[in-house]
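Right, I'll just put the structure down here and ask away after.
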There are 2 protein chains.
Amino acid sequence: MKMNEGIEWAIHCCSLLAHLPDDATLPVGALAEFFEVPQAYLAKNLQLLSRAKIVSSAKGPGGGYRLARKAEQISLLDVVQAIDGRDPCFRCSEIRQRGPSAVAASNYRKPCGIARTMLKAEKVWRDELKKVSILDIKELGIQETNPAQARKAEDWLTHVLRFP
Amino acid sequence: MKMNEGIEWAIHCCSLLAHLPDDATLPVGALAEFFEVPQAYLAKNLQLLSRAKIVSSAKGPGGGYRLARKAEQISLLDVVQAIDGRDPCFRCSEIRQRGPSAVAASNYRKPCGIARTMLKAEKVWRDELKKVSILDIKELGIQETNPAQARKAEDWLTHVLRFP
DNA sequence: GGCAGGTTACTCGGATAGCGATTGTCCGAGTTGATCTGG
DNA sequence: CCAGATCAACTCGGACAATCGCTATCCGAGTAACCTGCC
């Protein structure tokens, strides 16, 4: 079980976008430069965030991405599910209904105990991610970023940022 | 993020093996027949369980697999990690150390907040799986299996089971 | 000088290849149990 | 009839292909700004 690499990028991007003034946007190229990741692949992931209404996009010169909602209204779970999909990790193929001990399908109304247990554990995981918002992530980042890096980032932002 | 298909099989197999009398074994062929899954691939997964000391194997005629410990001493997490490995789903590639705002590596001693948050959620998930034992799964199965199926399964077992 | 039209450049969006991990399969190593033979 | 060796069948274990999803990329659609020419 391996999580999509783009999830890390997406969260970092959301955290960075949360630092932007209202209505300011950043194009994919700038985000890719800031994180030193492949621009085309990052674009694909931002596209997924756009579909999920987590970020909103603006085309044309001066365009780019910005958060579609306030940072405190975007949970980590939203981002993870936007990139990785909302299907559960564990997939029950109902093998209990196969083999020599199988009985009529009408006897299997409830999901089997194994699936219920696995899905319950996933729900606990999702609930944990739902508790954390992009604003929380942003503030965590501010706390643990040293001043030199913070100023370099701010300088960089002032160079690439463009207001509508 | 998609979980290995073999995990479902492995848990079902452990649950079935928990029904066996002490020292009785089941070969891969019997397990594959019971669940109607490809024998060769199931063998590969049982091999992983064997390496993890969750089941113990016996070669030769009359051999097969049995639980290496008591069912209540095997957690679902043990099985999941035996099949899927113990690496975390979320992998932090430290992209904060890249790009124009990067500073000397010595400034990044703690893992970044995003990684800590994601890994904490995974820990909650693991703790939930650790709470549940194969014995619990077995008893859940007994509760929700209808009598007809239970007898068919028991009949089948008496035909394929062999004692040492 | 102001405005309208066209052009240009910049941005996102979806469709398109490449690669690695999961899935699926096979054959050899090892062990047990039965069988056969000789006493 | 019994003991020992041999043999054969059965089992697991690791090494070997095929398929699917993730990774990576490119080109077209759309839009805003700009430039130019005319009024």
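Letters go in sequence order (proteins before strands), and every chain restarts at 1.
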Return the minimal non-hydrogen interatomic distance between B/Phe90 and B/Leu119, and the atom names on each side.
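Where B/Phe90 meets B/Leu119 most closely, the heavy atoms are O-CD2, 3.9 Å.
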
Spacing of A/Lys2 atom NZ relative to C/dC19 atom P, expressed in whole Å
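It works out to 16 Å between those atoms.
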
Would you compute the distance between atom CD of B/Glu72 and atom CD1 of B/Ile134 and round it to the nearest 0.5 angstrom?
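Atom-to-atom, B/Glu72:CD and B/Ile134:CD1 are 11.5 Å apart.
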
Identify whether any heavy atom of A/Gly64 sits under 4.0 Å from a base atom; if not, whether one sits that close to sugar-phosphate; answer base, sugar-phosphate or nothing.
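Sugar-phosphate contact only.
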
Does a side-chain N-to-carboxylate-O contact under 4.0 Å join A/Glu144 and B/Arg116?
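A salt bridge is present here (some side-chain N lies under 4.0 Å from a carboxylate O).
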
Below 4.0 angstrom, which residues in residues 37-48 of chain B have at least one non-hydrogen atom near DNA chain D?
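Heavy-atom cutoff 4.0 Å gives B/Gln47.
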
Assuming nearest nucleotide by heavy-atom distance, tell me which of B/Tyr65 and A/Gly6 is located more 5' along DNA chain D.
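By nearest-heavy-atom nucleotide position, the 5'-most residue is B/Tyr65.
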
To the nearest 0.5 angstrom, please state how far the CD atom of B/Glu128 sits from the CG atom of B/Leu77.
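Interatomic distance, B/Glu128 CD to B/Leu77 CG, rounded to 0.5 Å: 11.0 Å.
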
D/dC12, OP1 or OP2 - any side-chain N/O from B/Ser50 closer than 4.0 Å?
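The answer is no; no side-chain N or O of B/Ser50 sits under 4.0 Å from OP1 or OP2.
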
Could you tell me whether the phosphate oxygens of C/dG13, OP1 or OP2, come under 4.0 Å of any side-chain nitrogen or oxygen in A/Arg51?
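Negative; the distance criterion is not met.
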
In whole angstrom, give the distance that lies between atom CD of B/Glu5 and atom C1' of D/dG21.
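Roughly 14 Å, once rounded to whole Å.
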
At what distance, to the nearest 0.5 angstrom, does CG of A/Asp84 lie from CG of A/Asn4?
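Here the rounded value is 5.0 Å.
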
How many angstroms lie between OG in A/Ser75 and CZ in A/Arg126, if you round to the nearest 0.5 Å?
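It is 11.5 Å, given to the nearest 0.5 Å.
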
Just the rounded figure in Å: distance from P of D/dA9 to NZ of B/Lys59.
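One finds 19 Å between P of D/dA9 and NZ of B/Lys59, rounded.
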
Quick one: B/Arg91 CZ to C/dA21 C1', roughly how many Å, whole number?
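Going from CZ in B/Arg91 over to C1' in C/dA21 covers 11 Å.
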
How long is the line joining CE of A/Met3 and C1' of C/dA21, in whole Å?
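Computing the A/Met3:CE to C/dA21:C1' distance gives 17 Å.
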
Is any side-chain nitrogen or oxygen of B/Ser57 closer than 4.0 Å to OP1 or OP2 of D/dT11?
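No, no such contact exists.
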
Roughly, in whole Å, what's the span from CG in B/Asp87 to P in C/dA21?
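So the CG-P distance, B/Asp87 to C/dA21, works out to 12 Å.
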
Under a 4.0 Å threshold between the charged nitrogen and the carboxylate oxygen, would B/Lys152 count as salt-bridged to B/Glu154?
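Answer for the salt bridge query: no.
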
Tell me the interatomic distance from A/Glu33, atom CD, to C/dT11, atom P, rounded to whole angstroms.
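Distance, rounded to whole Å: 12 Å.
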
Shortest side-chain distance from B/Pro61, nucleotide among D/dG13, D/dA9, C/dG13
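Selected nucleotide (nearest to the side chain): D/dA9.
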
When the distance from CE of A/Met1 to C1' of C/dT23 is rounded to whole Å, what number comes out?
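Roughly 17 Å, once rounded to whole Å.
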
